[in-house]
Amino acid sequence: EVQLAESGGGLVQAGGSLRLSCAVSRSTSNDYVIAWFRQAPGKEREGISCLTTIDGNTYYADSVKGRFTISSDNNKNTVYLQMTNLKPEDTANYYCAAGVGLCRYDDMDYWGKGTLVTVSS
């Protein structure tokens, strides 16, 4: 069992930065994949970044590569998403997710409730 809680969303202007946090609590010692997804109103949920804890590899969607950075602090049991050069099209609910497979949507077994990021022009 894994529990996830996102925080750090808010309203920012285009070009600004924001850091999202995902507090991770688990009852097993499995090496989980931790991923960030986002979903804008009326659109599909989109995978934007992923961290494989077993080897520390990171992955990014083309839409955010070079602007977003995923990282983890194991001592704090927290995964971060540093977002820079934000654009209005980044506006969405951002979700933290965890699974024991790959970084795809169907690999995710646990989800946070989301945190809203709004980027104004």
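Positions are given from 1, in the same order as the sequence printed here.
- With contacts defined as side-chain heavy-atom distances shorter than 4.5 Å, the pair C22/V24 qualifies.
- In this structure, V100 is not a member of the same hydrophobic cluster as Y59, with clusters built from ILVMFWY side-chain heavy atoms closer than 4.5 Å.
- With rounding to the nearest 0.5 Å, the separation of OG1 in T118 from CD in Q13 is 13.0 Å.
- Residues W36 and C96 form a side-chain contact, since some pair of their non-hydrogen atoms from C-beta on lies under 4.5 Å apart.
- Every pair passing side-chain hydrogen bond (donor to acceptor under 3.5 Å, both in side chains) that includes a residue from residues 68-92 is listed here, sequence neighbours excluded: R38-D90, R67-D90.
- At distances below 3.5 Å, at least one donor-acceptor pair connects side-chain atoms of T115 with backbone N or O atoms of G9.
- Remark: I34 CD1 to L4 CG distance equals 6.0 Å, nearest 0.5 Å.
- Evaluation of the side chain to side chain donor-acceptor pair (under 3.5 Å) rule for N57 yields D55 as partners, not counting sequence neighbours.
- Using cut-offs of 30° and 60° for the angle between ring planes, the Y32 and Y110 rings count as perpendicular.
- Members clustered with V33: F37, Y95, Y105, M108, W111, by chain and number, using a 4.5 Å side-chain heavy-atom cutoff among hydrophobic residues.
- Here the straight-line distance linking atom CD1 of I70 with atom OG1 of T58 works out to 7.5 Å at 0.5 Å rounding.
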Does the side chain to side chain donor-acceptor pair (under 3.5 Å) test come out yes or no for S63 and E46, once each step is laid out? CA-CA 10 Å; S63 58; E46 173 191 19; 3.2 Å; yes

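- In this structure, L20 and M83 have side chains that are in contact, with non-hydrogen atoms separated by less than 4.5 Å.
- Shown here is Q39, whose CD atom has more than 12 heavy atoms of other residues, nucleotides or ligands within 6.0 Å.
- Side-chain contact between I48 and L81: present, with at least one pair of heavy atoms (C-beta onward) separated by less than 4.5 Å.
- Closest approach of A14 to S121, counting heavy atoms only: CB-CA, 4.4 Å.
- Looking only at side-chain heavy atoms (C-beta outward), F68 and S49 stay at 4.5 Å or farther from each other.
- When all heavy atoms of G47 and A61 are compared, the closest pair comes out as O-CB, 3.5 Å.
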